[in-house]
Amino acid sequence: MPTDGGIMMAAKVSCQKGINLLHLFSRWFNRRRYLIAQADKKRDQGQPAEAAKLYQQIVAEWGETPSLLTQLGNALKDSQDYDKAYATYMRVWESESRNADVALQLGHLFKLQDDFDNSKKWYFSSIELDDGSSNPAHNELVFINNISDRSDSIDSKEGHIENSTLSFSDETTLRRFRAELRYRPS
């Protein structure tokens, strides 16, 4: 039968093991937060490919969450890795975590590729999930409708007006918009 001293010693060792496990968990959790902060920093500094690598590492080490997958998709989209961005966004869309933001991001993805029909589809899906006036999909639809109605008049490879249906300011706005989408972090 253990003595009171033996029980106290066992309790002390058990407590120390608990503290060590808590310390290891804290270090593990802090490393995750550190890597997320680094990925966010790379994203904000306009280094989407580097951000994507870090988000991929985080997902590989700690598992998928809708917010991490969305950030990974955004980084892939901003680094013009459109196929991987699409696949990543679809993992969120096809999960129980389907939300208006991922539909919005899919709309942006297709808009970057000048696929206005699919872009509209995803913006409508975003609005179906969140029809509030603060959802940017409303404005995106207005813009896409204006651009797609006139896009036939622009040679997409050269960016020149073929039939003079766009004014100079419209053509300039379209070029600025396309350039902004290419270089703007999500």
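All heavy atoms count here, side chains included; hydrogens, waters and symmetry mates do not.
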inquiry  = Run L68 and I36 through side-chain contact (heavy atoms from CB on, under 4.5 Å) and show every step you take.
reply    = CA-CA 9 Å; L68 280 174; I36 290 171; 4.1 Å; yes
**Prompt:** Are F116 and F124 in one and the same hydrophobic cluster, where Ile, Leu, Val, Met, Phe, Trp and Tyr link if side-chain heavy atoms are under 4.5 Å apart?
**Reply:** yes
When rounded to the nearest 0.5 Å, the distance separating CD of Q71 from CD1 of I58 is 10.0 Å
* Asked: Are the side chain of D44 and the backbone of K42 linked by a donor-acceptor contact shorter than 3.5 Å?
  -> no
Applying salt bridge (Lys or Arg N to Asp or Glu O under 4.0 Å) to D130 and not counting sequence neighbours gives none
On a heavy-atom basis, the closest approach of S125 and W93 is CB-CH2, 4.0 Å
* Is there a donor-acceptor contact under 3.5 Å from the side chain of T88 to the main chain of L69? -> no
With sequence neighbours left out, the residues meeting salt bridge (Lys or Arg N to Asp or Glu O under 4.0 Å) with K41 are none
Practice problem: Classify the side-chain pair H138/Y123 by whether it contains a donor and acceptor separated by less than 3.5 Å. | Solution: no
S126 meets the side chain to side chain donor-acceptor pair (under 3.5 Å) criterion, sequence neighbours left out, with N135
Heavy atoms of V92 and S95 approach each other most closely as O-OG, 2.7 Å
Residue set satisfying side chain to side chain donor-acceptor pair (under 3.5 Å) with Q57, at least two apart, ordered chain then number -> E61
side-chain contact (heavy atoms from CB on, under 4.5 Å) between L104 and W122, worked out: CA-CA 6 Å; L104 178 72; W122 287 108; over 6 Å; no
So the salt bridge (charged side-chain N to carboxylate O under 4.0 Å, His left out) pairs with at least one residue in residues 88-99 (sequence neighbours excluded) are E64-R91
The side chain to side chain donor-acceptor pair (under 3.5 Å) partners of N139 (sequence neighbours excluded) come to none
Note: Y82 and K77 closest approach over all heavy atoms is CE2-O, 3.5 Å
Exercise for the section: Give a yes or no on whether L129 and M90 share a hydrophobic cluster (residues Ile, Leu, Val, Met, Phe, Trp, Tyr; joining criterion: side-chain heavy atoms under 4.5 Å apart). Expected result: yes
Between L76 and Q56, the two heavy atoms sitting closest are CD2-NE2, 4.1 Å
L72 and A52 have their tightest heavy-atom pair at CD1-O, 3.5 Å
Open item on the list: With no hydrogens and no angle check, just 3.5 Å: does a side-chain donor-acceptor pair link N118 and K111?
Closed with: no
On a heavy-atom basis, the closest approach of A49 and S79 is N-CB, 3.8 Å
CD (E50) and CD (Q38) are apart, to the nearest 0.5 Å, by 11.5 Å
State whether a side-chain donor-acceptor pair under 3.5 Å links Y55 with N74. no
Between R32 and L35, is there a side-chain heavy-atom distance shorter than 4.5 Å? no
> Tell me, do F110 and Y86 make a side-chain contact under 4.5 Å, heavy atoms counted?
Replying inline: yes
